[in-house]
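Quick note: numbers below take in every heavy atom, side chains included, and nothing from hydrogens, waters or symmetry partners.
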Amino acid sequence: MKKRNILKSKTFLYLTEFFSGMSVMAVELGASRLLAPYFSSSQIVWTIIIGTIMIAMALGNVWGGRSADKNPDPDRLYRRILFAGIWIACIPLVGTFVIAGISVVMAVFVRQQFLIFAAFAACLCLFVFPLLLLGTVTPSLAKYTMDNLEDNGRTVGTLNALNTIGSIIGTFTPTFITIPAVGTAITFLIFAGILLALCVVYFLSAGVKKGLCLLTALVFAFSCAAAPRVRLAFWQDGVLSESESIYNYLQVRETDRAVILSTNVMAGVQSVKMKEGGLTGMYYDYALAAPLMTGAAADAPLDLLILGMGTGTYATQCARYFPQIQTEGVEIDQQITDLAHEYFDLSADIPVTTYDGRAFLAQTDQRYDVIMIDAYQDITIPFQMSSVEFFEQVKDHLKPKGVIVVNMNMYSEQANSINEYLSDTIASVFPHVYTAEVENNTNCELFASMDVDCAANLTAALSRLPDGELRQMMRTVSAQLTPYASGGRLLTDDKAPVEMLGMKAIDEIIGGELDHYRRIFETDGLGGLIGAFTG
């Protein structure tokens, strides 16, 4: 085994173990943030990321141990770490393009479980190779640091302790420091830089691989210069802002008619501001029926609570059409609230609490006339805000004639869908439940109350509304309002498989939207498919 001078005290080997463990966890957390805008941050995606990384690390352990026994040359280990660092440094440059390409291919050719296959394929392409290489570190270092069999237990224990401590730091640092401060791309570059610096110091101290070190420096410098300019939604125009918070990727973009917040670059709108005011053409318009369903007089003050405030689209709409409403919002992501004031004209008079919706209900005694629940985003449905126990809390915070309105955003024609589970769960708490399908959308609005007259109150209120877009919209809602008959399917704190139910709905939505392109591929081949996408 070669004995480089830098390795004689073992300190450098221990530093290598520490920083490799730190980098593995940082890459894992970075992977979740890189994939989340495309595939969500649900438990399913986390499971895929963790499982794929564990497979890569296990294979790396086997390879590293055998390689160290066969050829105990530390130069080989540091070359592997160097290549891992270069790969990680390139992820911010190519990662979004790889994920977008995989998503298109999978959406066309995979008919079932798109989320699983696409996320798994993205993990395989982007993260398996560097983490396989980093998986070789611990068994290799065990070989290089062990002087005799009498202290092998202490040596291995020290290596594992350093790896664990590094992993702990690599877990907390991206989440609470680097990602919120500088973003996912720079986070990858920071930890890639640490690995590359270790390797460059090692090789230069031995006076070898100078050309490789120079090439590494050039690649890293290029990635540092170019990666921050690569947008996740690189195909979209009119982007005003891209940022990341502890919870979300956040994109604000502008069209001719609206300003839009999206936390998912593949599809979906989280919040919207219409430049000329008026109705949005989205589910928010249907939800405006909730204040009228309380049966309150036209000028009677109403208290509104919005769980999942976003940038305040519903609050702004209610203030426009029902000026007597006093609104309070709860939003878990402070940066979304900041964007609401910067780009979406949310009134400073509307208080917004930065908190989890259910935790907020647990610490307040306030009762409301209307509670809007808008915390469901694609497959990322917080299970704790979908259960019987949660809706019992909601009921306890309603006034006697109060109404809740819930935005369910994954339409499905299949039996036992996520919407049916949510509706049944709500119907187990509230005796009067109505649904209204949102036209030209996958959303469905659900209204629930303890008051038997809630639907009749909407009909009666129509005559009081002045002619205009609101009255026409409420006529539409009233006509579509359908009493809901429960099927007894319940979500509870103990059992709420919202991710699996949501994945089924997403498969159905994607399958329906892309059948056209699948038929083109079947008849005209790849050339016809490319022509359909580009022309």
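- Between the side chain of Trp87 and the backbone N or O of Leu126, at least one donor-acceptor pair lies under 3.5 Å.
- Here the shortest heavy-atom pairing between Leu189 and Pro92 reads CG-CG, 4.2 Å.
- Surrounding CG of Asn71 are more than 12 heavy atoms belonging to other residues, nucleotides or ligands, all under 6.0 Å away.
- No donor-acceptor pair under 3.5 Å is formed between the side chain of Ser223 and the backbone N or O of Val219.
- Put simply, the side chain of Phe39 does not reach to within 4.5 Å of the side chain of Ile44, judged on heavy atoms.
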* Could you walk me through whether Phe188 and Val27 pass the side chain to side chain contact (heavy atoms under 4.5 Å, CB included) check? -> CA-CA 7 Å; Phe188 278 119; Val27 169; 4.2 Å; yes

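- Of the possible donor and acceptor atoms, one in the side chain of Thr280 sits under 3.5 Å from a partner among the backbone N and O of Met282.
- The minimum heavy-atom distance linking Ala348 with His341 is given by the pair CA-CE1, 4.2 Å.
- Distance CG/Asn407 to OH/Tyr283: 4.5 Å, rounded to 0.5 Å.
- Side-chain atoms of Phe390 and Leu307, non-hydrogen and from C-beta on, do get closer than 4.5 Å to each other.
- In this structure, Leu346 and Val352 have side chains that are in contact, with non-hydrogen atoms separated by less than 4.5 Å.
- Side-chain contact between Phe19 and Leu198 is present, with at least one heavy-atom pair separated by less than 4.5 Å.
- Residues Cys123 and Leu35 form a side-chain contact, since some pair of their non-hydrogen atoms from C-beta on lies under 4.5 Å apart.
- Heavy-atom minimum distance, Gly64 versus Thr136: CA-CB, 3.6 Å.
- Counting only heavy atoms from C-beta outward, the side chains of Ile179 and Thr175 never approach each other to under 4.5 Å.
- Between Arg358 and Glu389 there is no salt bridge, since no side-chain N of the basic residue sits under 4.0 Å from a carboxylate O of the acidic one.
- Here the closest heavy-atom approach between residue Met385 and residue Ala375 is recorded as CE-CB, 3.8 Å.
- Between the side chain of Thr173 and the main chain of Gly170, no donor-acceptor pair closer than 3.5 Å is present.
- Distance CG/Leu7 to OG1/Thr16: 7.5 Å, rounded to 0.5 Å.
- A distance of 10.0 Å separates OH of Tyr314 from CG of Asp374, quoted to the nearest 0.5 Å.
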* Would you please test Gln251 and Glu242 for side chain to side chain contact (heavy atoms under 4.5 Å, CB included) and show each step? => CA-CA 5 Å; Gln251 178 202 95; Glu242 270 193 325; 4.3 Å; yes

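- Residues Phe127 and Ile49 are not in side-chain contact: their nearest non-hydrogen atoms beyond the backbone lie 4.5 Å or more apart.
- Summarising the geometry of Ser20 relative to Asn163, their closest heavy-atom pair is OG-ND2, 4.3 Å, with the distance given to 0.1 Å.
- Side-chain contact between Ile6 and Tyr202 is present, with at least one heavy-atom pair separated by less than 4.5 Å.
- Put simply, the residue from Leu261, Ile260, Val272 that forms a side chain to side chain contact (heavy atoms under 4.5 Å, CB included) with Thr313 is Val272.
- Of the possible donor and acceptor atoms, one in the side chain of Ser386 sits under 3.5 Å from a partner among the backbone N and O of Phe383.
- No donor-acceptor pair under 3.5 Å is formed between the side chain of Tyr247 and the backbone N or O of Gln334.
- The main-chain N or O of Pro382 is never found under 3.5 Å from a side-chain atom of Tyr376 such that the two would form a donor-acceptor pair.
- The two residues Pro130 and Ile88 make their nearest non-hydrogen contact at CB-CG1, 3.8 Å.
- Atom NZ of Lys209 sits in a sparse spot, with 12 or fewer heavy atoms from other residues, nucleotides or ligands closer than 6.0 Å.
- In this structure, Lys273 contributes its side chain and Val259 its backbone to no donor-acceptor pair below 3.5 Å.
- Remark: Leu212 CG to Arg79 CZ distance equals 8.5 Å, nearest 0.5 Å.
- Side-chain atoms of Arg33 come within 3.5 Å of backbone N or O of Asn248 as a donor-acceptor pair.
- Around NZ of Lys210, the count of heavy atoms belonging to other residues, nucleotides or ligands within 6.0 Å does not exceed 12.
- No side-chain donor-acceptor contact under 3.5 Å links Ser245 to the backbone of Asp333.
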